[in-house]
There are 2 protein chains.
Amino acid sequence: MSRSHPTPKPSAKRETILDAAQTAFLEVGYAATSMDGVAARATVSKATIYAHFESKDLLFAAVIRRRCDRSDAFAPLADKADARSTLRLVGRRLLDLLLQPDTLAMYRVVVAESARQPDLARAFYESGPGAGKAQIAAVIAELIQRGELAGVEPWQAADLFVGMLRTDLFMRTMLGLPQPEGRTIEAAVEAAVETMVRAFGR
Amino acid sequence: MSRSHPTPKPSAKRETILDAAQTAFLEVGYAATSMDGVAARATVSKATIYAHFESKDLLFAAVIRRRCDRSDAFAPLADKADARSTLRLVGRRLLDLLLQPDTLAMYRVVVAESARQPDLARAFYESGPGAGKAQIAAVIAELIQRGELAGVEPWQAADLFVGMLRTDLFMRTMLGLPQPEGRTIEAAVEAAVETMVRAFGR
DNA sequence: GGAAAACTAAACCCCGCAGTTCAGTTTCGG
DNA sequence: CCGAAACTGAACTGCGGGGTTTAGTTTTCC
């Protein structure tokens, strides 16, 4: 009776499969991942996978979407700090997140498949960069309201700030290139924060 | 006597094949490109391709490297302009380049294959982002020397500037998402330039 | 003009992999 | 405790694609 695939209800097996698939997809990419491989990794029979997911494409989509949904929102800020230390904290958190191996892998694989699965690209953007930007814009809006910053729209400032965090360090790490010695996360955050304060500080 | 594949000497057929391969790889990615497809597009027999290139991998590498080599260096600047207009010009050029469909396609495909072909990732970085950064750093160094800018190292400033150009607009375009109305290239450049001048202008 | 080198077209090998089937076993709800 | 549903494992289908071969045709260059 072809009980097909209604709203993805959580189940132990289902999660196991998703975990294995996530590992594989993020590690070697979509094309290089085989369903037999996923089955083996999940210690599950291939038939079971196809009982839970219609196709490789949809399994992939489910993996990405799950990871997007549970994207941990930024913890609320300890208020009342000045612009410099607030931005420092936010920037540090963001850059830490961006440089995590899983985050980078996710970025790579979504970028690679974005043409083939446009709706996935959208979901990724909205729950990742989009959501992050919104939260940072909110923080900046408050800094402006408190008179700590001035002369920009919050949204624009967030865009600039995030841009300054996602620099060479990010690009090189994402491409798997060795890092030149001195360029640490702290230094990158510091440079971005300093620039923001200089340009828009009171 | 296995006359294998010595130093890639340019030949008409060879270029034809590379052109076709480039189109295919950039359009649909590495995995989704078939050698039969490339042969058809180049109106060349598959055997000829394999007479020129050992394997699909090496053909791909040749495509990427060729595109890297001929990456057009920035034209020299009309000197003696102030920081604002100089940065405006440089920023505009860079962002125009970054948003070209071919550039984006290249970025996507290299990111996707970077894990599988690390040396390609390196070549790409060095001839693309790396070279660009160096040139912009040089421009900024001159602006500093002329006293137009101050308070940053050229290299760091270039990093920040490029970061501010490669923002939401870039990310969304790369993912193939529709652009929100107002965000034009000019606006993005303007914001980055203004921030630079505010932060580091004399 | 003629031989060597380049090229073509098409068949061919082979393998990996998406997806299916099925007979038998385990799990689980009532 | 029983029956249904979930799961297993392994075999099987089908196909697309990387790479090779061959026999014949064109190009090149002396």
Side-chain angles (χ1 to χ4, degrees), chain A residues 1-64 109 112-113 116-117 120, chain B residues 1-64 109 112-113 116-117 120:
Chain A
M1 182 156 302
S2 110
R3 267 276 96 262
S4 65
H5 309 275
T7 342
K9 45 196 158 190
S11 90
K13 275 279 187 278
R14 196 188 163 85
E15 290 303 305
T16 307
I17 295 169
L18 283 169
D19 288 341
Q22 170 169 327
T23 308
F25 283 134
L26 292 191
E27 208 163 271
V28 299
Y30 178 85
T33 296
S34 79
M35 295 299 268
D36 290 279
V38 172
R41 216 190 270 259
T43 46
V44 139
S45 90
K46 200 161 52 146
T48 302
I49 296 186
Y50 281 99
H52 284 276
F53 304 93
E54 272 183 12
S55 67
K56 188 184 177 184
D57 268 320
L58 291 185
L59 173 58
F60 180 70
V63 166
I64 301 298
V109 72
E113 300 303 315
R116 231 171 43 81
Q117 309 221 12
L120 266 198
Chain B
M1 185 163 303
S2 111
R3 269 274 99 258
S4 60
H5 308 274
T7 342
K9 43 195 160 191
S11 90
K13 276 279 188 279
R14 199 189 160 85
E15 291 304 304
T16 307
I17 295 169
L18 283 170
D19 288 341
Q22 171 171 326
T23 308
F25 283 135
L26 292 192
E27 206 163 274
V28 299
Y30 179 85
T33 296
S34 80
M35 295 298 268
D36 290 280
V38 173
R41 218 191 269 260
T43 46
V44 141
S45 89
K46 201 162 50 147
T48 301
I49 295 186
Y50 280 98
H52 285 276
F53 304 93
E54 273 183 13
S55 65
K56 187 183 178 183
D57 269 318
L58 291 186
L59 173 57
F60 180 70
V63 166
I64 301 298
V109 72
E113 301 302 314
R116 229 170 45 82
Q117 311 223 9
L120 268 198

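The chains referred to below are lettered A, B, ... by the order of the sequence lines, with proteins before strands, and numbering in each begins at 1. What's counted below: heavy atoms across the whole structure, side chains too, no hydrogens, waters or symmetry copies.
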Value in whole Å for how far the [atom2] atom of [N] lies from [atom1] of [X]:
X: A:R14; N: D:dC7; atom1: CZ; atom2: C1'; answer: 16 Å
X: A:K56; N: C:dG16; atom1: NZ; atom2: P; answer: 15 Å
X: A:E54; N: C:dT20; atom1: CD; atom2: C1'; answer: 14 Å
X: A:Y50; N: D:dC12; atom1: OH; atom2: P; answer: 19 Å
X: A:I49; N: D:dA6; atom1: CD1; atom2: C1'; answer: 15 Å

Which nucleotide in the set [options] lies at the smallest distance from any side-chain heavy atom of [X]?
X: A:M35; options: C:dC7, D:dT8, C:dA18; result: C:dA18
X: B:A47; options: D:dG19, C:dA9, C:dC17; result: C:dA9
X: A:D36; options: C:dA18, D:dG19, D:dT8; result: C:dA18

Looking for any heavy atom pair under 4.0 Å, which part of the strands does [X] touch: base, sugar-phosphate only, or nothing?
X: B:T33; value: sugar-phosphate
X: A:S34; value: sugar-phosphate
X: B:T43; value: sugar-phosphate

Should B:S45 be listed as having a side-chain N or O under 4.0 Å from OP1 or OP2 of C:dC7?
->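 Looking at the OP1 and OP2 atoms of C:dC7, neither is under 4.0 Å from any side-chain N or O of B:S45.
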Taking only N and O in the side chain of B:H52, is any of them less than 4.0 Å away from OP1 or OP2 of C:dA6?
->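 Answer is no, no contact under 4.0 Å.
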Would you mind reporting whether B:I17 and B:L59 have side-chain heavy atoms less than 4.5 Å apart?
->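 Side-chain contact under 4.5 Å: yes.
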With a 4.5 Å heavy-atom cut-off, do A:F60 and A:L120 have their side chains touching?
->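 When only atoms from C-beta onward are counted, A:L120 and A:F60 do touch, with a gap below 4.5 Å.
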Side chain of A:K56, backbone of A:T33: donor and acceptor closer than 3.5 Å?
->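 The answer is yes, because a donor-acceptor pair under 3.5 Å joins these two groups.
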Could you walk me through whether A:F53 and A:L18 pass side-chain contact (heavy atoms from CB on, under 4.5 Å), step by step?
-> CA-CA 10 Å; A:F53 304 93; A:L18 283 169; 3.7 Å; yes
Can a cation-pi geometry be assigned to A:R116 and A:Y30, taking NZ or CZ under 6.0 Å from the six-membered ring centre and within 45° of the ring axis?
->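 Checked: cation-pi criterion met.
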Pairwise 5' ranking along DNA chain C for A:K46 and B:K46, keeping only the more 5' one =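 The answer here is B:K46.
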